[in-house]
Q: 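Sharing a structure below in structure tokens format, with a few things to ask.
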Amino acid sequence: RAPRPDTAPSYDLVERLIRARRPSRVGTAFVGVVGGTRQGRVALAEALQPPGTDSPEVVLLDDTLRDVDAVLFTADGGSPLTGPELDLMRAVATDGLPLLLALTGIDRHRQWHDVLTADLASLRDLGVGVEPFAVSTRLHSAAIASDDSELAIASGVPALVTRLHDLAGREEKDRSA
């Protein structure tokens, strides 16, 4: 999708990280953001860390699982997880990393709750534990534009941000112990 001329171009999280010369790990959680194409991965990363508001506590790494403290797996709310997605999540779960599932596009898919229920059942059958988050980057953008805190909460993004910051706090405790 090409950027519209009236909006700032999308940015690449990996490039931002390289430019920042990866900060110290003390008090910082590195989160691998993975998911298939058209799953809302980039839009979600931008909603979690808009340009110019980098968090020293949480660093999002696009499409990587190397040297991360947690994994955020994005999946579209329009259809259940596929076999390869389930396999990837099972592989990640064996590493013992916290695994968060962000079901995206809940504003576009009426059946998102049924999809989430099916996904959680499939993951449970595989012995994979996840922390699910239903999110909408569109609702979040609208909430920011209109300064609507109720809409922001409905977007699910603030709950996910809180959890990521909780992980950063846990990582700091683990490193100081």
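For reference, positions follow the sequence shown, starting with 1.
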Q: Do D107 side-chain atoms and S136 backbone N/O form a donor-acceptor pair below 3.5 Å?
A: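 Checking the backbone N and O of S136 against the side chain of D107, no donor-acceptor pair under 3.5 Å is found.
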Q: Within this structure, what is the CH2-CG distance for the pair W112 and D119, rounded to the nearest 0.5 Å?
A: 11.5 Å
Q: Honestly curious: do L160 and I144 fall in one hydrophobic cluster under the side-chain, below-4.5 Å linking rule?
A: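 No, L160 and I144 fall in different hydrophobic clusters.
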Q: With a 4.5 Å limit on heavy-atom distance, are the side chains of V115 and L81 in contact?
A: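 Not in contact.
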Q: Working to the nearest 0.5 angstrom, can you tell me the gap between S79 OG and Q111 CD?
A: 8.5 Å
Q: If you look at every heavy atom in D148 and E150, which pair is closest and at what distance?
A: OD1-N, 3.1 Å
Q: Enumerate the salt bridge (Lys or Arg N to Asp or Glu O under 4.0 Å) contacts for residues 125-141, please, sequence neighbours excluded, ordered by first and then second residue.
A: E131-R163
Q: Any donor and acceptor pair, going by atom type alone, linking the side chain of D69 with main-chain N or O of F30 inside 3.5 Å?
A: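 Between the backbone of F30 and the side chain of D69 there is a qualifying donor-acceptor contact (under 3.5 Å).
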Q: Locate the shortest heavy-atom distance separating A142 from L151; write the atom from each residue and the value.
A: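 Reported closest heavy-atom pair: CB-CD2, 3.8 Å.
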Q: Do you know the tightest heavy-atom contact between A154 and I106?
A: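 Closest heavy-atom pair between A154 and I106: O-CD1, 4.0 Å.
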Q: Using a 4.5 Å cut-off on heavy atoms from C-beta on, say whether the side chain of T74 contacts that of V34.
A: no
Q: At what distance, to the nearest 0.5 angstrom, does NE2 of H109 lie from CG of D76?
A: 3.5 Å
Q: Can you tell me how far CG of L120 sits from CG of L103, rounded to the nearest 0.5 angstrom?
A: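 Going from CG on L103 over to CG on L120, the span is 9.0 Å.
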Q: Between the side chain of S155 and the main-chain N/O of T137, is any donor-acceptor distance below 3.5 Å?
A: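 No.
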Q: Given the rule that I, L, V, M, F, W and Y join up when any side-chain heavy atoms are under 4.5 Å apart, are L126 and F73 in one cluster?
A: yes
Q: What closest approach, in Å, do P158 and A152 show between heavy atoms, and which atom pair accounts for it?
A: CD-O, 3.1 Å
Q: Taking the side chain as C-beta and beyond, is there a heavy-atom pair between V130 and L100 under 4.5 Å?
A: no
Q: Under the side chain to side chain contact (heavy atoms under 4.5 Å, CB included) rule, what do V31 and V71 come out as? Steps first, then yes or no, please.
A: CA-CA 5 Å; V31 180; V71 176; over 6 Å; no
Q: Could you tell me the separation between the CE atom of M89 and the CG atom of L101, rounded to the nearest 0.5 Å?
A: 4.5 Å
Q: D114: which residues meet the salt bridge (charged side-chain N to carboxylate O under 4.0 Å, His left out) condition with it, sequence neighbours left out?
A: none
Q: Please report the shortest heavy-atom distance between V157 and V135, naming the atom on each side.
A: N-CG1, 4.1 Å
Q: Between L139 and V161, is there shared hydrophobic-cluster membership here, with clusters defined by ILVMFWY side-chain heavy atoms closer than 4.5 Å?
A: no
